[in-house]
Amino acid sequence: RGSKCARHRQHSKKETFFHTENIVVKRYNSFMVDHDPKPTREGTMISFDYSGRHAVVTGAGGGIGEEIAFQYLAAGGSVTAVDVKPCAQRLSEFGERLNYQQADITDAALVKALIDGGVQKFGRLDHLANVAGVLWFGRDKSLFEMDMDTWDQVFDINLKSMVYTI
């Protein structure tokens with residue numbers, strides 16, 4: 001093993017992961033983030049308790065993003081969610097543990113304010129699920145046929161917005 005745990009890694013100047021007593025902790029700026037929820041076995045299913053934890057989920061207005069936000073909330077966690085679509089009814093039923101914003105995630109300043117607001121409200125940031133993305137049937141075409149304005153919009157939503165959340 002040597003002097004450092006086998007799971008200790010330096011990812012960048014801003015973040016460090018280290019392993020302590022079967023818990024992987026991520027230090028990011030001033031936040032301490034515990035990445036391993038405490039799983040329990042109930043029959044053959046594994047359930048998670050996210051009580052006291054906070055996640056940011058992009059693309060939470062439908063599909064996979066909505067399901068991730070729902071499961072996280074159902075497991076006791078708090079979620080800051082964002083999508084251009086309105087909040088799904090089943091998410092809004094979680095009340096104060098949900099901070100939902102109907103917004104455009106291609107706006108870097110808005111995304112920063114949203115995440116900072118979630119951290120301020122819930123006191124920490126434990127998980128990030130970058131799920132937002134578009135596939136515009138009828139507008140998406142081959143590289144040779146695609147309008148460059150559409151190309152830019154797709155890249156802004158599917159790629160650039162991911163960078164804004166980190």
Side-chain angles (χ1 to χ4, degrees), residues 5-12 14-135 157-166:
C5 174
R7 290 176 61 183
H8 181 268
R9 298 175 290 170
Q10 180 74 31
H11 287 276
S12 72
K14 290 188 177 180
E15 62 183 16
T16 304
F17 286 80
F18 58 94
H19 178 263
T20 307
E21 299 176 312
N22 296 324
I23 298 173
V24 178
V25 178
K26 176 182 176 185
R27 183 187 310 269
Y28 182 76
N29 291 339
S30 62
F31 306 112
M32 287 297 290
V33 184
D34 180 351
H35 280 279
D36 287 345
K38 310 302 181 266
T40 58
R41 288 200 177 270
E42 295 175 5
T44 58
M45 297 296 294
I46 297 176
S47 62
F48 294 93
D49 180 5
Y50 288 112
S51 298
R53 296 173 190 241
H54 172 231
V56 170
V57 181
T58 68
I64 295 170
E66 178 186 335
E67 188 64 26
I68 290 170
F70 177 80
Q71 293 297 328
Y72 202 90
L73 289 160
S78 299
V79 173
T80 296
V82 61
D83 201 307
V84 294
K85 298 179 221 165
C87 182
Q89 178 63 36
R90 71 183 191 149
L91 295 182
S92 63
E93 293 172 359
F94 287 96
E96 289 297 311
R97 289 193 294 123
L98 175 68
N99 178 22
Y100 192 94
Q101 297 291 320
Q102 187 174 352
D104 179 359
I105 61 167
T106 63
D107 180 344
L110 179 139
V111 171
K112 180 178 180 348
L114 177 74
I115 292 173
D116 290 347
V119 169
Q120 184 176 7
K121 179 177 182 176
F122 299 116
R124 58 189 286 163
L125 176 59
D126 298 288
H127 299 99
L128 168 63
N130 268 322
V131 186
V134 294
L135 178 61
I157 295 167
N158 293 356
L159 297 175
K160 277 183 164 178
S161 69
M162 303 292 176
V163 174
Y164 298 154
T165 60
I166 298 174

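Here, residue 1 is the first one in the sequence, and each next residue gets the next number.
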Self-check item: Partners passing side chain to side chain contact (heavy atoms under 4.5 Å, CB included) against Ser92 (at least two apart in sequence or in another chain)
Solution: Cys87, Gln89

Quiz item: In Å, rounded to the nearest 0.5 Å, how long is the span from CD1 of Ile68 to OG1 of Thr58?
Solution: 8.5 Å

Quiz item: In chain order, what residues pass the salt bridge (charged side-chain N to carboxylate O under 4.0 Å, His left out) check against Glu96, with sequence neighbours excluded?
Solution: Lys121

Quiz prompt | Qualifying salt bridge (Lys or Arg N to Asp or Glu O under 4.0 Å) pairs with a residue from residues 80-89, counting only residues at least two apart or across chains | solution = none

Quiz item: Once you round to the nearest 0.5 Å, how far does CG of Asn99 lie from CG of Leu114?
Solution: 6.5 Å

Quiz item: Counting N and O atoms only, with roles assigned by atom type, does the side chain of Arg97 sit under 3.5 Å from a partner on the main chain of Gly77, one being a donor and the other an acceptor?
Solution: yes

Quiz item: Restricting to pairs with a member in residues 105-114, which pass salt bridge (Lys or Arg N to Asp or Glu O under 4.0 Å), not counting sequence neighbours?
Solution: Lys112-Asp116

Quiz prompt | For Asp104, side-chain hydrogen bond (donor to acceptor under 3.5 Å, both in side chains) partners two or more places apart | solution = Thr106

Practice problem: Quick one: list whatever passes side chain to side chain contact (heavy atoms under 4.5 Å, CB included) with Ala103, sequence neighbours left out. | Solution: Val82, Leu110

Practice problem: Just grab all the ring-ring contact (aromatic ring centres under 6.0 Å, His included) pairs involving residues 74-109, residues at least two apart or on different chains. | Solution: Phe70-Phe94

Practice problem: Sequence neighbours left out, what pairs pass salt bridge (Lys or Arg N to Asp or Glu O under 4.0 Å) with at least one residue falling in residues 59-74? | Solution: Glu66-Arg90, Glu67-Arg90

Quiz item: Are Tyr72 and Arg53 side-chain neighbours, meaning at least one heavy-atom pair lies under 4.5 Å?
Solution: yes

Quiz item: Among all residues two or more places apart in sequence or in another chain, which pass the side-chain hydrogen bond (donor to acceptor under 3.5 Å, both in side chains) test with Thr80?
Solution: His54

Quiz item: So how far is it from Leu159 CG to Ile157 CD1, rounded to the nearest 0.5 Å?
Solution: 10.5 Å

Quiz item: Taking all atoms of both residues into account, what is the closest heavy-atom pair of Ala81 and Leu98, and its distance?
Solution: CB-CD1, 4.1 Å

